Amino acid sequence: MSSHLLKKGYEPQEVERRWYAYWEKESLFSGEDVSDKKPFSIVIPPPNVTGVLHMGHAHNNTVQDILCRYRRMQGYNVLWMPGTDHAGIATQNVVEKGLAQEGKNRHSIGREEFVKQVWQWREKYGGLIINQLKHLGASCDWARERFTMDEGLSKAVRTVFVKLYEQGLIYQGDYIINWCPRCRTALSDLEVEHEDHNGHLYYIRYPFQNKKRGIVVATTRPETMLGDTAVAVNPNDKRYRGLDGKTLMLPLMNRGIPIIFDEYVDMKFGTGALKITPAHDPNDFEIGLRRNLAIIKVIGKDGRMNEHAGRFQGKDRFECREEVVQALRKEGLLEKVEAYQHSVGHCYRCRTTVEPYLSKQWFVRVKPLAEKAIVAVQTGATRIIPDTWTKTYFEWMNNIKDWCISRQIWWGHRIPAWTCENCGEMIVAMARPAVCPACEGNALVQETDVLDTWFSSALWPFSTMGWPDSTQTLKTFYPSSVLVTGFDILFFWVARMMMMGLHFMKDVPFRDVYIHALVRDAEGKKMSKSKGNVIDPLYVIDKYGADAFRFTLAAFAAQGRDIKLSEDRIEGYRHFINKLWNASRFALMHLSDFEYEESGQDTQDFSLADKWILSRINGVVETVTESLDDYRFNDAANSLFQFVWHELCDWYLEMVKPVLYGTVALSDGAIETSPSRYATTRFVLWSTLNETLRLLHPFIPFVTEEIWDKLPGTEGSIMKAEFPVISEGRNNREAEDAMRVLIGVVSAIRNIRGEMNVPPSLFLETTVQSPDKGVKELLKQHRDMIVNLCRLKSLQVAPPGERPTSSATSVFGACTIFVSLKGIIDFELEQARLSKDITKVSRELDGIGKKLTNEDFLRKAPQEVVQKVREKGKRLMEKKNKLENHLSTVSQIAGNP
RNA sequence: GGGCGGGUAGCUCAGUUGGGAGAGCAUCGGCCUUACAAGCCGGGGGUCACAGGUUCAAGCCCUGUUCCGCCUACCA
């Protein structure tokens with residue numbers, strides 16, 4: 001029996017470890033490939049294998065876990081597919097750093113050895129974040145854990161690459177791409193983060209060949225002038241009329257470059273003359289192509305000036321900028337320098353300033369894929385929630401540009417393309433061909449580039465389920481039910497999964513996309529290591545427990561708004577967990593020998609409190625269900641919080657205490673609880689706690705499991721229990737109305753006690769007068785309850801009549817309440833209290849009076865609204881009259897004590 | 001430049017057909033009342049950013065202004 005009792009304070013650490021191990025051991029997280037149940041599936045946004053759990057992960061995975069546990073309890077066949085992402089650049093960076101410490105680099109050990117070492121690193125540290133997810137309580141189907149570099153997923157990547165190539169949707173070509181000189185790789189447009197930078201606009205004079213005047217150009221990047229091959233002006237620009245085809249002398253390089261006319265040039269900007277560097281600027285490159293301009297690269301892969309940069313060769317690009325400016329100034333060709341703010345691209349992995357760089361790369365032709373992905377959202381095949389993101393999605397999809405997918409790193413999926421060294425034939429295939437299909441030679445060299453990590457991530461919803469094989473998992477679980485992710489990877493990942501899913505699976509990858517907000521610090525700033533404002537989820541879990549943490553995240557997860565998190569808030573919700581724990585502790589004290597009895601369900605026996613709490617919990621079931629179905633996690637969490645704390649604990653438990661302790665006063669004065677009342681109360685207490693735990697489980701799995709385990713009459717894990725369903729029969733308007741009256745009267749009495757500074761140790765005599773027969777009957781029937789909750793000596797219920805002397809007064813509905821304060825009443829205090837009340841009522845009455853004297857309101861507003869206002873006015877008027885009567889009585893006494 | 005979101009109590013925020021301004025925290029007062037001081041009871045606190053408009057009625061709908069945040073963009 002003592003095993004049923006709970007310790008005085010909830011201690012999460014041990015409980016969490018124990019139950020997680022149990023769930024895993026019992027395989028409660030497994031999805032079934034073959035099942036009669038309806039499927040529900042989620043693929044996890046794979047965290048970087050280099051990652052450690054941060055707030056974003058915690059929030060994201062809490063939401064997913066709530067959904068999975070909820071659906072599982074509703075009887076769905078749930079698959080939550082977990083795994084990690086090989087994170088090409090990030091992982092390579094980590095391992096390279098390790099090498100650097102040993103005085104080595106990847107080139108010194110070679111590609112094969114390097115990749116081997118990355119794998120070793122992954123074996124050793126790659127499981128870290130997975131373990132951390134377990135601390136959070138994530139109910140992923142761990143047996144299915146995938147990694148983007150697994151053999152199966154790699155096969156999927158090769159298959160997709162080959163097919164897209166064959167379909168003409170992948171091509172190789174020379175274009176300007178974003179180059180990170182530190183990572184020494186190309187980046188996609190998305191991987192570049194733009195930041196406003198306070199730079200300069202340099203005005204440089206390019207003289208004519210005869211050394212005269214010339215043209216002044218404006219640039220933010222003077223170092224690129226070394227690679228200029230033209231100067232462009234707008235053909236409509238009068239200032240430059242007649243100069244088409246003339247030649248300018250490029251300063252510092254002493255190279256002749258032509259003046260060309262091109263509509264692209266903005267006459268209003270700078271001098272209206274634009275220097276053209278086709279090798280280092282995407283627009284210049286386009287113009288260069290149009291005009292057949294020479295292309296001269298002056299910056300190398302390492303960000304240093306190359307052999308075409310003349311005397312600046314070997315200089316870092318920024319160092320070179322300074323020196324070019326100096327040199328121009330010396331030659332008198334620097335006209336002026338203006339402060340100029342412009343945005344500069346940075347590598348999203350290492351923050352290095354990105355260099356627009358001409359090189360041969362592989363691209364996906366995205367337009368045709370995007371079209372289908374747009375339609376899928378337009379038709380509702382996939383819903384984006386909240387809807388505001390739909391517009392952003394369309395915006396990007398409609399303006400999408402080809403996707404650079406090749407990366408010049410070693411860790412990743414190597415592009416399955418081979419070039420024949422004999423005849424130059426390019427072969428794209430699943431595996432290395434035996435011989436060149438063109439010349440039958442065997443000098444085939446594989447492409448050294450690897451693919452963008454997001455390329456493999458784009459396949460995640462089906463590659464994890466076994467594609468390209470036609471698996472039972474795919475049949476059962478594709479498309480997934482919902483994708484839960486942050487808006488920061490809407491384009492990176494969501495959009496690309498949509499495209500790939502539609503193209504290769506002929507169906508969307510997910511029915512719903514739930515986009516959640518970011519977790520920020522208490523001031524609303526993005527958490528970052530450099531700012532030092534990160535809160536470590538593992539620290540939080542250790543200190544407050546995973547449940548408190550999860551509930552906090554859920555309670556703050558309002559759609560479309562960022563979560564500002566601070567430890568205080570988590571601590572607040574730890575109090576909630578503790579409250580639940582203690583309420584359960586109380587219940588279990590009285591339920592230790594409880595046995596489920598059919599007789600207990602006889603509604604005839606239910607007390608008002610019983611009917612009320614059952615009606616209330618039914619309302620909560622409805623709210624929680626609707627909220628979760630709509631991804632309104634905060635609404636669900638808040639309604640549970642409100643119910644548990646302020647309805648179950650504050651009222652129901654307090655009301656049934658006398659029954660459970662056997663101290664109910666009977667009409668003849670005896671103190672005892674009838675056996676049937678006791679049994680019924682225990683039944684309702686038991687079933688309410690039982691149901692509350694089930695409602696709470698998706699949010700706070702550990703503590704609910706622990707209490708569930710101790711609760712008599714439950715079997716097995718709460719994970720397998722049924723999620724509560726609404727039963728209309730429990731809705732009880734009458735009980736809720738009656739309780740509203742009782743709660744009102746009790747609150748009014750407590751209010752007087754509080755305001756009049758009556759110590760709790762004093763038990764008072766109280767009279768409630770009411771003309772309403774039903775109300776009087778109700779109060780009489782629940783006299784004991786009121787006496788108990790208000791710490792009264794006695795409670796008289798009477799028709800309106802004489803005012804008891806030395807009383808403080810309050811009016812609630814049809815009830816006038818007199819709390820006898822013989823000997824302790826402070827008449828001045830009472831006058832002040834009544835006056836305050838009167839003022840409040842008067843103010844409300846003013847507003848109502850205005851409405852009721854407004855002809856238009858009476859004529860145009862719906863009759864039920866008018867009626868409601870009339871009734872309210874009547875009630876308030878009565879209340880005001882009564883209060884004023886009391887005030888005048890009290891004033892008389894105060895005046896003549 | 002384009003787009004999106006937000007400005008409601010001291011703080012953080014709810015407020016889903018326009019008809020009673022709410023919660024949590026903080027604060028103040030009173031309580032160790034037999035589940036819980038990680039608690040109980042009670043109180044105070046808001047021209048719902050500003051200005052117009054629609055309406056009998058606006059925190060909610062429309063227009064404009066302003067401040068803050070974010071996303072996006074090839075304006076040298």
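These figures come from a predicted structure and were not determined experimentally. What's counted below: heavy atoms across the whole structure, side chains too, no hydrogens, waters or symmetry copies. Below, chains carry the letters A, B, ... as their sequence lines are ordered, and counting in each starts from 1.
Spacing between B:G15 and B:A57 at atom P, rounded to whole Å, works out to 26 Å. B:G3 and B:G43 have their C1' atoms separated by 47 Å, given to the nearest Å. Annotation: B:C32 and B:U16 have their P atoms spaced 43 Å apart (nearest Å). Comparing B:U66 with B:G59, their P atoms are spaced 24 Å from each other, to the whole Å. When the P atom is used for both B:C50 and B:U8, the distance is 10 Å, rounded to whole Å.
Figure legend: cation-pi geometry between A:Lys336 and A:Tyr203, with NZ or CZ positioned under 6.0 Å from the six-membered ring centre and within 45° of its axis.
Using a cut-off of 4.0 Å between Lys/Arg side-chain N and Asp/Glu carboxylate O, A:Arg205 and A:Glu335 are scored as salt-bridged.
Ring-centre distance between A:Phe487 and A:Trp389: below the 6.0 Å cut-off. Residues A:Tyr573 and A:Phe551 bring their aromatic ring centres within 6.0 Å. Aromatic ring centroids of A:Phe643 and A:Tyr652 lie 6.0 Å or more apart.
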State the dot-bracket string of RNA chain B. Criteria: Watson-Crick or G-U wobble, both atom distances under 3.5 angstrom; notation: ( ) intrastrand, [ ] crossing earlier pairs, | interstrand, . unpaired. ((((((((.[[[[.)...(..]]]].(((((.......))))).....[[[[[..)....]]]]])))))))....

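Applying the 4.0 Å criterion to OP1 and OP2 of B:G24, one finds that A:Asn638 has every side-chain N and O outside that range.
Checking side-chain atoms of A:His280 against main-chain N and O of A:Ile299 turns up a donor-acceptor pair under 3.5 Å. No donor-acceptor distance shorter than 3.5 angstrom exists from the side chain of A:Asn757 to the backbone of A:Arg753, with no hydrogens or angles considered.
Rounding to the nearest 0.5 Å places CG of A:Asp542 at 5.5 Å from CD of A:Gln13.
In the set B:G42, B:C71, B:G3, B:G42 carries the atom at the smallest distance from any side-chain atom of A:Ser747. For A:Arg569, the side-chain atoms get nearest to B:C11 when compared with the rest of B:C4, B:C56, B:C11. The side chain of A:Arg574 lies closest to B:A38, out of B:C56, B:A38, B:C36.
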Anything under 3.5 Å between a protein N or O and an N or O of nucleotides 73-76 of chain B, put it in a table, one pair a line.
unit_1	atom_1	unit_2	atom_2	d
B:C74	OP1	A:Lys401	NZ	2.5
B:C74	O2'	A:Asn283	ND2	2.5
B:C74	O2	A:Asn283	OD1	2.3
B:C74	O2	A:Asn283	ND2	2.9
B:A76	OP2	A:Tyr340	OH	2.7
B:A76	O3'	A:Thr220	OG1	3.4
B:A76	O2'	A:Ala218	O	3.4
B:A76	N6	A:Asp266	O	2.8
B:A76	N6	A:Phe269	O	3.4
B:A76	N1	A:Asp266	N	3.3

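Within 6.0 Å of atom CD in A:Glu195, more than 12 heavy atoms from other residues, nucleotides or ligands are found, so the atom counts as buried in its surroundings.
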